Amino acid sequence: MLLAQGTEEQRKYVIKDEKALLNFINSSGQLEGLSLYNHSKFTYFDLYLDTPDFDLYKNKLSLRFRKRVFNDSLVTYGLQLKSEMETVSSVRMEIEEAQLDFYRVKTDQGWIELPKILDIIFSQIQNNKIDISSKEMQYALSSIQKWIQLNAESTISPFQKIAFLKLKGLEREKIATIRPVLFGSEKRIRSHIYIDPAKTIIELRSMPMNSLALSAVPDFFKKNNTFNWILETSVDSAVFYSLFKTNKTEVEIFEFEVENKYFLHEKGTEIMNLFEKNLKSNFQMENLMDSKYRQSIKKFLVP
C-alpha cells in the first residue's frame with residue numbers, strides 16, 4: 001500500500017549546544033515571533049537495507065524498515081525509500097509502503113507476519129543485548145533477505161520506485177540482492193512551530209492562515225484556531241549497529257530537523273530562513289545534508 005509518494009522540504013542541523021536546544025524545546029519557548037509547542041515523543045526502530053556493494057548508498061538513497069512507537073502506545077510499521085538532500089534546503093523524495101501486517105515471511109515454522117520477524121531484530125535494542133551472531137538474530141536476518149528476494153519484482157512501492165529510477169547498480173536483478181546492513185533506534189521529540197497573533201512580530205501577524213485538509217490539521221490547532229501552523233521540528237537522538245564487518249561497533253547521531261508545513265510553499269521557506277537564522281545565533285547550529293543512514297555508513301566504512 002502506498003502511504004506517501006512525493007517530496008518534503010526539510011532542513012537538518014548539527015547541534016553544538018545540545019543542552020541549550022533541549023531546554024528551549026522542553027520549555028515550549030518562543031524565538032523572534034515564532035512560538036514552539038512540544039507535543040510528542042516517539043521511539044523509532046530502524047533496519048536499513050542495501051546491496052552487498054552498497055549501491056543504494058552510492059546512488060544517494062536509503063531504504064529502511066521502520067517501527068514507530070507513538071507516545072509509548074500506538075505502534076506502526078513501514079518500508080521507506082528516501083533520497084538524500086542535494087542542497088541544505090532541497091526537497092527529498094519519500095516513498096513508503098505501510099501496513100506491513102499484510103505481508104508474510106516463509107520460514108521453517110510456516111508463514112509468519114513480517115512485523116514479528118522485524119521485532120526479533122528490534123528486541124535486541126529494547127533488551128539492550130546486542131548479539132548479531134545469535135541464532136535468533138541470524139534467523140530473522142535470513143528471513144528478511146528471503147522476503148526481499150521473493151518480493152523484489154512485486155508491486156511493493158519502494159522496490160517499484162528503485163526499478164523505475166534505472167540507476168547504476170540497481171537494475172532489477174540487483175534489487176533481489178538487497179539485504180539488512182544496519183539496525184538501530186531513535187528517540188524523537190516533535191514540536192509545532194506556529195505564529196500566535198497575540199505574541200508575534202508585526203511582520204508575521206498578517207500571514208494568511210495555513211490552509212490544509214481538516215484531516216491534516218493537528219488537534220493542537222483545532223483547539224487553538226487562531227494559531228497559524230508553519231513548521232514542524234524534530235530533535236533526534238539515535239544509535240546504529242552494523243550488520244557487516246567493520247572496525248566500529250556503533251554510531252551515535254544527534255541532530256535537529258525542520259520541515260515546511262505551510263500551504264504557500266515559498267512563504268514557508270521564508271519562515272524557515274528566519275527560523276534558521278535565529279537557531280544558528282542562539283544554539284550554534286550548522287547545516288547538515290546527509291541522512292542518518294549516510295552518516296552511519298560513512299563512519300562504519302572508515303578503515
Side-chain angles (χ1 to χ4, degrees), residues 3-15 21-22 24-44 66 68-71 74 76 78 80 82-83 85 88-94 96 98 186-197 199-200 204 207-238 253-280 282-283 285 287-289 291-292:
L3 177 67
Q5 182 164 343
T7 58
E8 57 181 14
E9 183 182 10
Q10 182 187 78
R11 297 185 190 177
K12 297 158 64 73
Y13 306 91
V14 175
I15 306 157
L21 176 70
L22 287 173
F24 170 67
I25 297 294
N26 290 327
S27 66
S28 290
Q30 190 179 55
L31 196 62
E32 296 298 324
L34 294 170
S35 298
L36 180 145
Y37 175 66
N38 174 9
H39 61 83
S40 300
K41 293 182 179 180
F42 301 157
T43 300
Y44 298 150
R66 166 162 281 187
R68 307 173 182 88
V69 183
F70 300 93
N71 295 325
L74 179 64
T76 66
Q80 294 178 313
K82 299 188 79 170
S83 64
M85 297 172 66
V88 295
S89 60
S90 62
V91 297
R92 299 177 70 187
M93 173 194 72
E94 180 175 352
E96 180 163 359
E186 176 181 327
K187 299 290 186 181
R188 170 169 287 185
I189 302 173
R190 294 280 284 178
S191 302
H192 302 311
I193 303 297
Y194 64 97
I195 298 169
D196 178 353
K199 299 178 181 179
T200 192
L204 297 180
M207 277 190 65
M209 289 295 293
N210 202 351
S211 179
L212 299 169
L214 187 61
S215 60
V217 178
D219 290 340
F220 177 74
F221 296 103
K222 292 176 182 176
K223 295 176 182 176
N224 300 277
N225 57 17
T226 62
F227 294 172
N228 197 358
W229 186 31
I230 309 295
L231 310 172
E232 191 74 7
T233 71
S234 301
V235 178
D236 297 340
S237 178
I253 295 173
F254 189 85
E255 64 184 31
F256 186 64
E257 297 183 3
V258 180
E259 186 177 346
N260 189 352
K261 292 294 185 180
Y262 197 54
F263 78 119
L264 299 175
H265 184 82
E266 291 184 0
K267 193 64 179 178
T269 300
E270 290 180 18
I271 302 301
M272 289 184 81
N273 293 338
L274 174 66
F275 190 56
E276 178 180 286
K277 179 181 177 181
N278 289 303
L279 285 172
K280 289 181 175 179
N282 283 274
F283 305 112
M285 291 188 179
N287 289 95
L288 173 69
M289 290 196 296
S291 67
K292 295 180 184 67

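Since we're looking at a predicted model, the values are computed, not measured.
- With values rounded to the nearest 0.5 angstrom, Phe256 atom CZ is found 7.0 Å from Ser191 atom OG.
- Contact of the Leu74 side chain with the Phe42 side chain is not registered, since no non-hydrogen atoms from C-beta on lie closer than 4.5 Å.
- Residues Thr76 and Val69 have side chains not in contact (no heavy-atom distance under 4.5 Å, counting atoms from C-beta outward).
- Arg68 approaches Gly78 most closely through the heavy-atom pair NH1-N, 4.0 Å.
- Using a 30° and 60° split on the angle between ring planes, Phe221 and Trp229 fall in the parallel class, below 30°.
- Here Glu255 pairs with Lys12 in a salt bridge; the nearest charged N to carboxylate O distance falls below 4.0 Å.
- Proximity of a side-chain donor or acceptor of Gln80 to a complementary backbone N or O of Ala98 within less than 3.5 Å is not detected.
- Looking at heavy atoms from C-beta onward, Ile230 lies out of side-chain contact with Lys267 at the 4.5 angstrom threshold.
- Of the possible donor and acceptor atoms, none in the side chain of Thr200 sits under 3.5 Å from a partner among the backbone N and O of Pro197.
- In this structure, the separation between CD1 on Ile193 and CG on Leu274 is 11.0 Å, given to the nearest 0.5 Å.
- Pairing each heavy atom of Glu32 with each of Leu204, the nearest pair is O-CD1, 4.1 Å.
- Using cut-offs of 30° and 60° for the angle between ring planes, the Tyr37 and His192 rings count as parallel.
- Between the side chains of Tyr13 and Glu276, at least one donor-acceptor pair of N or O atoms lies under 3.5 Å.
- Side-chain atoms of Met207 and Ile195, non-hydrogen and from C-beta on, do get closer than 4.5 Å to each other.
- When only modelled atom types and interatomic distance are considered, Thr233 and Glu259 share no side-chain donor-acceptor pair under 3.5 Å.
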Can you check salt bridge (Lys or Arg N to Asp or Glu O under 4.0 Å) on Lys292 and Glu257, steps first, answer last? CA-CA 12 Å; Lys292 295 180 184 67; Glu257 297 183 3; 3.2 Å; yes
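- Rounding to the nearest 0.5 Å places CG of Leu21 at 5.0 Å from CD1 of Ile25.
- Side chains of Thr269 and Arg11 form a contact here, defined as non-hydrogen atoms less than 4.5 Å apart.
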Using the side chain to side chain contact (heavy atoms under 4.5 Å, CB included) rule, take Phe24 and Leu31 through it: C-alpha gap first, then chi angles, then the decisive distance, then the call. CA-CA 9 Å; Phe24 170 67; Leu31 196 62; 4.1 Å; yes
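- Asn260 places no side-chain N or O within donor-acceptor distance of the main-chain N or O of Gln10, the cut-off being under 3.5 Å.
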For a side chain to side chain contact (heavy atoms under 4.5 Å, CB included) check, start with the C-alpha distance between Ile189 and Leu22, then their side-chain angles and the critical distance, and finish with the verdict. CA-CA 9 Å; Ile189 302 173; Leu22 287 173; 4.3 Å; yes
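- Counting heavy atoms from C-beta outward, Lys280 and Asn287 have side chains that approach closer than 4.5 Å.
- One side chain, Thr43 or Lys187, offers a donor N or O that lies under 3.5 Å from an acceptor on the other.
- Residues Asp196 and Tyr194 meet the side-chain proximity criterion, which asks for heavy atoms closer than 4.5 Å.
- In this structure a side-chain-to-backbone donor-acceptor pair under 3.5 Å is present from Arg92 to Ser83.
- Panel note: side chain Asn210, backbone Phe263; a donor-acceptor pair is recorded below 3.5 Å.
- When only modelled atom types and interatomic distance are considered, Ser234 and Arg190 share a side-chain donor-acceptor pair under 3.5 Å.
- Atom OG in Ser211 sits 10.5 Å away from atom CG in Asn228 (nearest 0.5 Å).
- Arg188 and Glu232 are not joined by a salt bridge, as no carboxylate oxygen comes within less than 4.0 angstrom of a charged side-chain nitrogen.
- Contact annotation: the side chain of Tyr262 never approaches that of Ile271 to less than 4.5 Å [non-hydrogen atoms, C-beta and beyond].
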